[in-house]
Novice: 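This is the structure I want to talk about, given as structure tokens.
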There are 2 protein chains.
Amino acid sequence: MSKEPNQSEPIEILRELGLKEYEARSFVALTRVPQGSAKEISEIAAVPRTRVYDAVDQLQSYGLVDVQHSTPQRFRAIPVEEAVALLRREFDDRFDSLRESLEAVEPVGDEALESGANVWTTGGEEAITSRATQFVDSAEEEIVLVLDGGDDTELTPERLLDQLRAATDRGVTVYVGALSEGTYEEVRARVPGVEVFESELEWLQPQTEKESERIGRLLLVDRGKVLLSSISSGSSNGETAIWSDSVGNGLTIIGRRLLAAGLDREAENLDNAERGAGSHGETEGENRDG
Amino acid sequence: MSKEPNQSEPIEILRELGLKEYEARSFVALTRVPQGSAKEISEIAAVPRTRVYDAVDQLQSYGLVDVQHSTPQRFRAIPVEEAVALLRREFDDRFDSLRESLEAVEPVGDEALESGANVWTTGGEEAITSRATQFVDSAEEEIVLVLDGGDDTELTPERLLDQLRAATDRGVTVYVGALSEGTYEEVRARVPGVEVFESELEWLQPQTEKESERIGRLLLVDRGKVLLSSISSGSSNGETAIWSDSVGNGLTIIGRRLLAAGLDREAENLDNAERGAGSHGETEGENRDG
DNA sequence: GCGTTTTGTGACGATCCGAGTCAACTACCG
DNA sequence: CGGTAGTTGACTCGGATCGTCACAAAACGC
């Protein structure tokens with residue numbers, strides 16, 4: 001990927017950090033040359049000459065470039081190291097302010113929070129991992145985790161594995177169903193006390209080729225909390241998860257049944273437990289392939 | 001209901017972090033209540049009800065809120081702590097990527113950099129302090145620093161004072177002209193070996209009341225490097241500095257003469273040194289306004 | 001069961017900001 | 001003195017966002 005230095009990447013990032021197109025382009029151009037005039041910048045950055053001045057003016061007020069008020073003017077970017085450090089500090093301050101101000105105005109609601117009584121959905125790999133970690137943390141007896149590993153995304157980050165091990169250490173039984181060799185080995189190595197089963201859950205993977213979504217992770221904690229994430233390969237957002245921490249809802253029933261195929265080797269009796277519940281048919285019977 | 005004026009601050013910050021107006025408002029509203037429906041959010045956040053859905057949808061893809069797909073839908077913000085951490089991580093990644101990509105494409109220029117041969121201007125307190133610190137660091141013999149302290153802005157941050165002391169430790173003579181009592185004392189306490197003079201430089205402060213700019217700091221290093229910053233009280237950007245690290249230009253001459261009033265007590269002879277130079281005028285006399 | 005209210009989805013116009021172009025003004029050079 | 005290059009400001013255009021509305025679907029009350 002080092003074929004053609006994609007100089008559009010830093011521009012993109014700088015835009016995300018709040019710079020305008022011209023500002024970002026001009027700055028990147030300036031980092032590629034010891035110093036430059038408006039004309040040179042215009043040529044390197046593909047920015048209209050007459051707009052370079054505005055852009056650089058802004059950049060200067062940010063402290064990212066130095067300006068020489070000669071004729072013609074000459075511009076110079078501060079070292080990359082310095083620039084990144086500058087921006088980082090700036091945003092760090094914002095994060096601090098954000099937390100303060102958010103915590104300051106938070107109290108408004110008076111109703112007690114009725115935590116976990118239904119099914120929620122969460123987006124974003126980070127947030128989902130966070131939720132999964134919380135679930136694992138709260139486990140008292142049993143954890144069942146099925147992963148569709150062996151791909152690009154990192155569904156088993158350090159902290160999640162750490163929490164899994166912590167769970168085993170405190171006596172929680174951990175079952176892991178791995179759908180790929182890599183995940184299988186990795187989990188086994190990191191979490192010694194785990195019970196790994198190569199489940200018969202291959203059907204979790206795309207059943208119809210056309211579908212652009214596939215299962216990411218499936219987590220069942222203490223037979224009451226369930227998290228199921230899907231990953232859309234489309235251009236839209238990445239991982240989305242539905243989860244619940246309350247027992248007795250449809251999702252839990254489904255989750256149990258999904259896991260039953262792999263679990264009944266380990267604990268056959270539990271299968272019976274919700275077989276009764278399943279027999280009268282959930283309305284949630286989505287995706288029941290023929 | 002009750003609109004506290006300060007709840008607009010987190011919204012502002014969130015916008016700076018890339019969220020849209022409605023997204024920011026909705027999120028802040030959600031942090032103020034354990035959970036809420038679209039209607040409630042609409043009322044708290046002053047966002048059109050029908051647009052709450054779009055906003056929350058985005059927030060969910062960011063991982064900042066959880067969505068309950070019931071009827072009516074219910075929304076819930078992740079804890080503030082978590083949200084800030086999430087955003088912080090996200091931006092940290094961007095900074096890393098930025099640095100990598102910037103350093104990857106940097107080499108383009110072929111002309112050797114002719115460092116410091118003229119007058120530059122820099123914007124932003126951070127960047128200016130950075131530049132000043134570099135100057136102090138490079139000092140070998142003498143440092144002259146005049147501060148207009150006694151105000152809101154922090155023109156003498158820790159690191160600058162530290163560098164000043166380091167300079168004295170390595171044998172550099174440091175003169176400090178303090179225009180206010182507070183600055184005077186602070187510098188004296190932090191930098192033991194310093195020569196402090198209460199200069200006759202009061203004229204550095206606004207001479208005409210209408211002017212909205214005043215001198216921030218004036219730094220002269222080794223009789224060759226000069227940094228002069230002004231602070232505009234206006235609505236525009238804050239501190240701006242002009243500086244040069246080359247001897248013999250007009251700014252240096254001016255800077256020396258400016259300091260002469262305070263310095264000739266300490267070293268009267270130097271005043272004569274550039275009196276001759278100033279008389280016949282430099283060719284670099286750019287910006288010779290008036 | 002039926003009508004009303006609330007909720008969710010989509011579309012539409014208004015508005016704002018940034019991108020891009022142009023022309024005029026100023027400073028430098030021959 | 002005229003030509004060239006540099007610099008600034010004003011202008012148009014387009015896309016994104018804001019704000020409103022209309023309508024279908026679902027829930028609720030009688």
Side-chain angles (χ1 to χ4, degrees), chain A residues 8 11-12 14-30 35-62 65 67-76 118-121 235-236 283-284, chain B residues 8 11-12 14-30 35-62 65 67-76 118-121 236 250 283-290:
Chain A
S8 66
I11 294 174
E12 181 59 31
L14 284 169
R15 294 218 76 191
E16 293 171 0
L17 294 177
L19 297 199
K20 312 302 180 196
E21 179 79 20
Y22 287 169
E23 296 169 11
R25 287 197 137 127
S26 299
F27 179 75
V28 173
L30 278 170
Q35 59 175 259
S37 66
K39 183 176 182 181
E40 291 167 334
I41 303 306
S42 165
E43 289 164 353
I44 301 176
V47 171
R49 260 192 315 281
T50 63
R51 302 267 78 196
V52 170
Y53 301 99
D54 309 66
V56 172
D57 215 42
Q58 283 299 310
L59 289 172
Q60 196 236 23
S61 78
Y62 302 153
V65 307
V67 180
Q68 189 184 55
H69 286 285
S70 53
T71 302
Q73 284 181 309
R74 298 201 69 77
F75 313 112
R76 195 169 76 172
N118 260 309
V119 180
W120 296 80
T121 75
S235 58
S236 58
T283 51
E284 298 86 349
Chain B
S8 65
I11 294 174
E12 181 60 30
L14 284 169
R15 294 219 73 192
E16 292 172 359
L17 293 177
L19 297 199
K20 314 301 180 199
E21 180 80 21
Y22 287 169
E23 296 169 10
R25 285 194 138 123
S26 299
F27 180 75
V28 173
L30 277 170
Q35 59 177 257
S37 65
K39 182 177 182 179
E40 292 167 332
I41 302 307
S42 165
E43 289 165 351
I44 301 176
V47 170
R49 187 185 60 83
T50 62
R51 304 256 84 206
V52 170
Y53 300 99
D54 309 65
V56 172
D57 216 41
Q58 282 300 311
L59 289 173
Q60 195 236 23
S61 78
Y62 301 154
V65 307
V67 180
Q68 188 184 56
H69 284 284
S70 55
T71 303
Q73 285 180 311
R74 297 201 72 76
F75 312 112
R76 197 170 73 173
N118 262 306
V119 181
W120 298 81
T121 75
S236 60
T283 51
E284 295 88 351
E286 60 239 357
N287 292 1
R288 280 238 313 278
D289 41 49

Novice: Without decimals, in angstroms, what is the distance between L19(A) CG and dG18(C) P?
Specialist: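 Roughly 12 Å, once rounded to whole Å.
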Novice: Do V65(B) and F27(B) make a side-chain contact, defined as non-hydrogen atoms from C-beta onward lying under 4.5 Å apart?
Specialist: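 The answer is yes; the side chains approach within 4.5 Å.
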Novice: Under 4.5 Å between any side-chain heavy atoms of S26(B) and F75(B), yes or no?
Specialist: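 S26(B) vs F75(B): side chains apart.
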Novice: Restricting to salt bridge (charged side-chain N to carboxylate O under 4.0 Å, His left out), what partner residues turn up for E21(B), sequence neighbours left out?
Specialist: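 With neighbours one apart ignored, the set is R15(B), R25(B).
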Novice: Without decimals, in angstroms, what is the distance between K39(A) NZ and dA5(D) P?
Specialist: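 Whole-Å distance recorded here is 7 Å.
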Novice: Between C1' on dA19(C) and CD1 on I11(A), what's the gap in Å once rounded to a whole number?
Specialist: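 To the nearest whole Å, that distance equals 14 Å.
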Novice: Between protein and nucleotides 17-30 of chain D, map the contacts as a letter string: B base, S sugar-phosphate only, - none, heavy atoms under 4.0 Å, written 5' to 3'.
Specialist: SSBBBB---SS---
Novice: Can you measure H69(B) atom NE2 to dT7(C) atom P for me and round it to whole angstrom units?
Specialist: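 Taking atom P of dT7(C) as the reference, NE2 of H69(B) is at 17 Å.
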Novice: Is Y53(A) close enough to dT8(D) that one of its side-chain N or O atoms is under 4.0 Å from OP1 or OP2 there?
Specialist: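 The answer is no; no side-chain N or O of Y53(A) sits under 4.0 Å from OP1 or OP2.
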Novice: Tell me, please, which residues at least two apart from A29(A) pass side chain to side chain contact (heavy atoms under 4.5 Å, CB included).
Specialist: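 Only I41(A), I44(A), A45(A) meet the side chain to side chain contact (heavy atoms under 4.5 Å, CB included) criterion with A29(A).
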Novice: In whole angstrom, give the distance that lies between atom CG of D57(B) and atom P of dG10(C).
Specialist: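 D57(B) atom CG is separated from dG10(C) atom P by 10 Å.
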Novice: Please list, chain by chain and in numerical order, all residues satisfying side-chain hydrogen bond (donor to acceptor under 3.5 Å, both in side chains) with T121(B), sequence neighbours excluded.
Specialist: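 Result, side-chain hydrogen bond (donor to acceptor under 3.5 Å, both in side chains) vs T121(B): Q60(A), H69(A).
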Novice: Can you pull out every salt bridge (Lys or Arg N to Asp or Glu O under 4.0 Å) where at least one residue sits in residues 45-54 of chain B? Sequence neighbours excluded, please.
Specialist: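 Passing the test, one end in residues 45-54 of chain B: R51(B)-D54(B).
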Novice: In degrees rounded to 10°, what angle is found between the helical axes fit to the five outermost pairs at each end of the helix from dG1(C)-dC30(D) to dG30(C)-dC1(D)?
Specialist: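 About 10° separates the two local helix axes.
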Novice: What's the CG-C1' distance between D54(B) and dA16(D), to the nearest Å?
Specialist: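 From D54(B) CG to dA16(D) C1': 14 Å.
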Novice: If I compare all heavy atoms of G36(B) with all of E40(B), which pair ends up nearest, and what's the gap?
Specialist: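 It is CA-OE1, 3.0 Å.
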Novice: Could you tell me the separation between the CG atom of D57(B) and the CD atom of Q73(B), rounded to the nearest 0.5 Å?
Specialist: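 Taking CG in D57(B) and CD in Q73(B), the distance rounds to 8.0 Å.
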